[in-house]
Amino acid sequence: MILIPAREPFSFVAAARSHGWCRLAPFAWDDEHQELTRIEQLESGPVVRLRMAGAKGGVAVEVESAVEFTEAGLAQVREKVSWMLRLDEDFSEFHALCRTEAALAQVVEKKQGRLLRSPTLFEDVVKTILTTNTTWSQTKGMVARLVEMLSQPFSLDPAAHVFPTPAQIAPVDEEFLTQQVRLGYRSSYVLELARRVASGELDLESWKHTDMETDKLRRQLKALKGVGDYAAANLLMLLGRYDCLAVDSWARKVIGQRFFPGKERVSDREIAAVFDRWGKWKFLAYWFYKWET
DNA sequence: TTCCAGGGGTAGA
DNA sequence: TCTACCCATGGA
């Protein structure tokens, strides 16, 4: 068991359950034990299961493994968990703003702000593409099949698999992704992305720590096939940049009802403008906004 | 059968 | 920059 410290204020449960990602393979959320698990391959080789739970001052992580893993492996676990749960991120400015808005008062109390993400940007781009123009239950199915069919299992629990790497997806036929994994027209997007990353042409992971201006990064994300305005904003959120709103059917519905009652046509521009005053915290203000009051 | 879901690409204006 | 149209999948 290792303890990874988090910047205060921190709530493990608030971070882990912040959005649907904790329900997408190879993540799993255990309601009874308030535990987040994830199958992960360490760069040194072994496939392990990480069991993450809240602990005083941070996150307690248990690493299940069939083989011994090295000190370097342990360092990777710390780095991955820290990235996934944003343990070092500073939300003090956002929390100060939340104190000025009744619909966001609970954010401070519940220590919200952190949104769960995958260890790699590749995984988050694929998952984001698989949320577009479909239902949540179909997204879960697509991700589950992708994980189960294309990657190696965890030896202590063969039903559990890691998320496939670009190199594992790249050689697959598009027809397989369409017919078996049932990604629909998203197949070509996922395949092109995997091939570009696997070949080294596209270095997605470097975008995790770039100081590139947000608008330029947004244009780069949108240049990926399958990534439009919604997906780009969602990915910027995952990268820790909250100044774009991901306008999807849910946002149109709740923002439309609350701020444009009775108006028949509300443009995406108008929807996004509602949260303009939140500046760099726009996405979080929208995400944690208490709609039912 | 038809509609639509946490949209995106493309063509054409 | 905006709009119309097409794109697959499966549940309601």
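Each chain gets a letter, A, B and so on, in the order its sequence line appears, and its residues count up from 1.
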Describe the nucleic acid contact of A:Thr139 in one word from base, sugar-phosphate, nothing, applying a heavy-atom distance below 4.0 Å. nothing

For A:Ala251, which contact category applies under a 4.0 Å heavy-atom criterion: base, sugar-phosphate, or nothing? nothing

Is any side-chain N of the basic residue among A:Glu101 and A:Lys290 closer than 4.0 Å to the acidic one's carboxylate O? no

Distance between the P atoms of C:dC5 and B:dC3, in whole angstroms? 15 Å

To the nearest Å, how far apart are A:Trp291 CH2 and B:dG6 C1'? 14 Å

Let me know the distance between CH2 of A:Trp136 and P of B:dG6, rounded to the nearest Å. 10 Å

Quick check: does any side chain N or O of A:His161 sit under 3.5 Å from a backbone N or O of A:Leu150, one acting as donor and the other as acceptor? no

Distance in angstrom units between A:Asn133 CG and C:dT9 P, rounded: 12 Å

In whole Å, measure the gap between the C1' atoms of B:dA5 and C:dA8 for me. 12 Å

Residues A:Glu89, A:Arg114: salt bridge by 4.0 Å N-O rule: no

Answer with yes or no whether the side chains of A:Gln168 and A:Gln152 bring together a donor and an acceptor at under 3.5 Å. yes

What integer distance in Å separates A:Arg23:CZ from B:dG6:P? 17 Å

Nearest to the A:Trp287 side chain among C:dT1, B:dG6, C:dC7, which nucleotide is it? B:dG6

In whole angstrom, give the distance that lies between atom CG of A:Leu245 and atom C1' of B:dG7. 15 Å

Pairwise C1' distance, B:dT1 and C:dA12 [rounded to whole Å]: 12 Å

Flag side-chain contact, heavy atom, 4.5 Å: A:Trp21 against A:Leu238: yes

Whole-Å distance between B:dG7 P and A:Asn234 CG? 11 Å

Presence of A:Arg186 side-chain N/O under 4.0 Å of C:dC7 phosphate oxygens OP1/OP2: no

Can you confirm whether or not the ring centre of A:Phe283 sits under 6.0 Å from the ring centre of A:Phe275? no

Pick the C1' atom in C:dC6 and in B:dC4, then give their distance to the nearest Å. 15 Å

Beyond-backbone contact of A:Arg49 with A:Leu156, side-chain heavy atoms, under 4.5 angstrom: no

Grouping I, L, V, M, F, W and Y whenever their side-chain heavy atoms are under 4.5 Å apart, do A:Leu115 and A:Leu217 come out in a common cluster? yes

Ring pair (Phe, Tyr, Trp, His ring centres under 6.0 Å) evaluation trace for A:Trp291 with A:Tyr289: CA-CA 6 Å; A:Trp291 299 102; A:Tyr289 201 87; 4.6 Å; yes

Given the structure, check if the side chain of A:Asp248 and the base of B:dA5 hold any donor-acceptor pair shorter than 3.5 Å. no

What are the atom names and distances for every N/O pair under 3.5 Å that joins the protein to nucleotides 10-12 of chain C?
unit_1 : atom_1 : unit_2   : atom_2 : d
C:dG10 : OP1    : A:Arg182 : NE     : 2.3
C:dG10 : OP1    : A:Arg182 : NH2    : 3.4
C:dG10 : O4'    : A:Gln138 : OE1    : 3.1

Would you state whether a donor and an acceptor, one from the side chain of A:Tyr185 and one from the base of B:dG7, lie under 3.5 Å apart? yes

Atom CZ of A:Arg252 to atom C1' of B:dA5: distance rounded to whole Å? 11 Å

Does the ring of A:Trp83 carry A:Arg117 above it, NZ/CZ under 6.0 angstrom from centre and within 45° of its axis? yes

I need the CD1-C1' distance between A:Ile129 and C:dT9, as an integer number of Å. 17 Å

At a heavy-atom distance below 4.0 Å, what parts of residues 220-229 of chain A sit against DNA chain B? A:Leu224, A:Lys225, A:Gly226, A:Val227, A:Gly228, A:Asp229

